[in-house]
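First the proteins, then the strands, lettered A, B, ... as listed; each starts at 1.
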Amino acid sequence: MPVVVRFAPSPTGYLHIGGARTALFNWLYARHTGGKFLLRIEDTDRERSSQEAINAIFDSLKWLELDWDEPPVFQFARANRHAEVAHKLVKEGLAYRCYCSKEELEQMRADAMANGLPPRYNGYWRNCEETPPKGINPVIRFKAPQVGKTIINDMVQGTVELENSQLDDMVLLRADGTPTYMLSVVVDDHDMGITHVIRGDDHLTNMFRQYHLFKACKWAVPEFAHIPLIHGADGAKLSKRHGALGAEQYKEAGFIPESMRNYLLRLGWAHGNDEIISTQQAIEWFDVCDVGRSPARFDLQKLLNLNGHYIRQSENQRLFDLIYPLLKSDKFTDRVFSGMTGLKQRAKTINELADSASFYLERPSFDEIFSETNLQTRLNESSLVYLAQFMEILRKLVTFKEGEIDSFIRSFCKEQCVKLNDFLTPARIALTGSHVSPSLFEVINVLGREECMGRVEACISYFKTL
RNA sequence: GUUCCCAUCGUCUAGCGGUUAGGACAUCGCCCUUUCAAGGCGGCAACACGGGUUCAAGUCCCGUUGGGAACGCCA
């Protein structure tokens, strides 16, 4: 039977990192097996669902390049079908009406807690002969099995058992007639032909309740794979407190999708000692069965490292397109493009890359630079001499190609018995406004003779005013 | 409180009864070097604890401890 999986977020906020990983695992499993990856928007909570959130989810998935195979299913639109199933179950005696008020339910939970029992509905109306109170809209509850135990083989968690006495009679249909999550997922998963449910392990206990609902409906029960949640650096479930960002925000922070995918993939899954894994390779290797059972902590450093790696691997044109909107000026952007090979070696994020390119766009402000002590200490009396000599070199260079610049400056330093580093430091500051930059020979070449001379001259005259 | 899940370097992990317990990130040192990165080499660094089973346990079993999750007319 061909595999059909789904990613089913509720649109109550952005797509967070954990959701992104769940989506990735579903997607990889579908691609690995040649099955289908479907999307379902669980928007039955009308209060909390929003169009913005729906858009954010779509945008994030698109950014991560996790494409889905059929138009997304919107759960709320299927409410009638869900209700129909609930009423059928009532007719068959597998579900029943419950007239308890909120207060009564709260009391039940409090009582249960006090008696050392899990806080649950006590099944009051399950077999109640009492005539229903007037003026109260009942909810429909599922008759969960009360004896025996349920054993399910989860693809990630292994064999998981639960005493049926732990199950309570969950609400299927609310008093206003709308379906609850428990009902909707089961009906939709069945109707969509889902064969494998891959989701966060916060749903592990739901699996048991849903299992019995599948059985009551006489439907095939899908395979389950409950993957561990991602935790923050302190070990607790990732939340806003940890700076848990939406996928969109990682994009804004300058991460690129392939590094996100690679990072997320390695959280809870490994293929021997492989760290850098292309998406093609991941599709070939990935299987949900191999996902670990212990939760992983989110580590920004590793993501950053991976991002740097993939930036270095990227085509210059692509990087240029990515940083173009971030550049402070649209003059001289051709220099940024020309200098990309040197720039991309040094950036961990797209934003860093854009920042590091700024000296190509405009001349350094020596006012600011010279107020920085770490630059001042790199300059001394001889710096002025070197800058003057550097001016001469710039004038004399014939072809002004990187190779020529390189050998010319090297031999000059050799003749003068000057350390290359000592000679280049003031030039670097004059040209880039920083003591950190790509190879200076590349910078000189990209900037061109005129601009280089202009910058050095400006630096010299500023130096003299000190 | 109850139920379920988890437990190898700081972090992500490899390991699937016999290993000098491997890799990666981070960190530290050295090399390379025009700065910074990148790269190369090396260092520090882990089987939570206690019982079993076994000739042999990081690996299997049971406890303990510690973490996490779930217990809604949320999803």
Engineer: Please produce a list of atom pairs where a protein N or O lies less than 3.5 Å from an N or O of nucleotides 4-6 of chain B.
Structural biologist:
from : atom 1 : to       : atom 2 : distance (Å)
B:C5 : O2'    : A:Gln157 : OE1    : 3.4
B:C6 : OP1    : A:Arg293 : NH1    : 3.4

Engineer: In this structure, are over 12 heavy atoms from other groups packed under 6.0 Å from A:Tyr211 atom OH?
Structural biologist: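 For A:Tyr211, atom OH is not crowded (no more than 12 foreign heavy atoms under 6.0 Å).
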Engineer: Any base atoms under 4.0 Å from A:Leu440, or only sugar-phosphate, or nothing? Heavy atoms, all strands.
Structural biologist: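 Base contact.
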Engineer: Each nucleotide N or O in nucleotides 41-49 of chain B that has a protein N or O under 3.5 Å away: list the pair and distance.
Structural biologist:
none

Engineer: For nucleotides 22-31 of chain B, give me one character per nucleotide, 5' to 3': B if any protein heavy atom sits under 4.0 Å from the base, S if the only such contacts are to the sugar-phosphate, - if neither.
Structural biologist: BBBSS-----
Engineer: Heavy-atom nearest nucleotide on RNA chain B for A:Met113 versus A:Ala175: which residue maps closer to 5'?
Structural biologist: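 Counting from the 5' end, the first nearest nucleotide belongs to A:Met113.
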Engineer: Flag the pair A:Asp188 and A:Arg6 as a salt bridge only when some basic side-chain nitrogen lies within less than 4.0 angstrom of an acidic carboxylate oxygen.
Structural biologist: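 So A:Asp188 does not pair with A:Arg6 through a salt bridge.
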Engineer: Quick one: does NZ or CZ of A:Arg141 land under 6.0 Å from the six-membered ring centre of A:Tyr121, within 45 degrees of the ring axis?
Structural biologist: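 Ring-cation test returns yes.
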Engineer: Looking at RNA chain B, which of residues 176-183 of chain A put a heavy atom within less than 4.0 Å of it?
Structural biologist: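 Within residues 176-183 of chain A, the residues near RNA chain B are A:Thr180, A:Tyr181, A:Met182.
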Engineer: Distance check, C1' atoms only: B:G66 and B:C31, in whole angstrom units.
Structural biologist: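 Each nucleotide's C1' atom is 43 Å from the other's.
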Engineer: I'd like to know if A:Asp189 and A:Arg40 make a salt bridge, using a cut-off of under 4.0 Å between side-chain N and carboxylate O.
Structural biologist: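 A salt bridge is present here (some side-chain N lies under 4.0 Å from a carboxylate O).
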Engineer: Roughly how far apart, to the nearest Å, are B:G50 and B:C55 at atom P?
Structural biologist: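 One P to the other, the span is 23 Å.
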Engineer: Mapping A:Asn421 and A:Ala296 to their closest nucleotides on RNA chain B, which lands nearer the 5' end?
Structural biologist: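 Between the two, 5'-proximity favours A:Ala296.
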Engineer: When rounded to the nearest Å, what value does the distance between C1' atoms of B:C47 and B:U8 take?
Structural biologist: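 That atom pair is separated by 4 Å.
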Engineer: If you check every side-chain atom of A:Asp45, which of B:G1, B:U34, B:A75 has the closest atom?
Structural biologist: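 Nucleotide nearest to A:Asp45's side chain: B:A75.
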Engineer: Report yes if the distance between the aromatic ring centroids of A:Phe25 and A:Phe286 is under 6.0 Å, otherwise no.
Structural biologist: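 Yes; A:Phe286 has its ring centre under 6.0 Å from that of A:Phe25.
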Engineer: Which of residues 136-145 of chain A sit near RNA chain B, with a heavy atom under 4.0 Å from it?
Structural biologist: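 Going residue by residue through residues 136-145 of chain A, the ones with a heavy atom under 4.0 Å of RNA chain B turn out to be A:Val139, A:Arg141.
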Engineer: Please state the C1' separation for the pair B:C6 and B:G58 - nearest whole angstrom.
Structural biologist: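 It works out to 16 Å between them.
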Engineer: Verify the contact: side-chain N or O of A:Arg109 to OP1 or OP2 of B:C73, cut-off strictly under 4.0 Å; return yes or no.
Structural biologist: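 Looking at the OP1 and OP2 atoms of B:C73, one of them is under 4.0 Å from a side-chain N or O of A:Arg109.
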Engineer: Quantified in whole Å, what is the P atom distance between nucleotide B:C5 and nucleotide B:C62?
Structural biologist: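 Pairwise P distance, B:C5 against B:C62, rounds to 11 Å.
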Engineer: Run the side chain to side chain contact (heavy atoms under 4.5 Å, CB included) test on A:Asp168 and A:Arg209 for me, step by step, so that the C-alpha distance in whole Å, both residues' side-chain angles and the decisive distance to 0.1 Å come before the verdict.
Structural biologist: CA-CA 8 Å; A:Asp168 72 344; A:Arg209 321 170 98 192; 2.4 Å; yes
Engineer: Inspect the contact between A:Glu42 and A:Arg199 and indicate whether a charged nitrogen and a carboxylate oxygen are less than 4.0 angstrom apart.
Structural biologist: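 Answer for the salt bridge query: no.
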Engineer: Between the side-chain atoms of A:Arg428 and the base atoms of B:U34, is any donor-acceptor pair under 3.5 Å?
Structural biologist: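 Flag set: donor-acceptor pair detected.
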Engineer: Would you indicate, yes or no, if B:A37 has its OP1 or OP2 atom less than 4.0 angstrom from a side-chain nitrogen or oxygen of A:Arg312?
Structural biologist: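 Answer no for this pair, as no side-chain N or O of A:Arg312 is under 4.0 Å from OP1 or OP2.
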Engineer: Quick one: list whatever passes side-chain hydrogen bond (donor to acceptor under 3.5 Å, both in side chains) with A:Glu451, sequence neighbours left out.
Structural biologist: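 Per chain and number, A:Glu451 pairs via side-chain hydrogen bond (donor to acceptor under 3.5 Å, both in side chains) with A:Arg363, A:Arg455.
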Engineer: In plain terms, say whether A:Glu106 and A:Arg109 are close enough for a salt bridge, that is, a side-chain N and a carboxylate O under 4.0 Å apart.
Structural biologist: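 Salt bridge: no.
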Engineer: In whole Å, what separates the C1' atom of B:A21 from that of B:G15?
Structural biologist: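 The same atom, C1', in both gives a distance of 8 Å.
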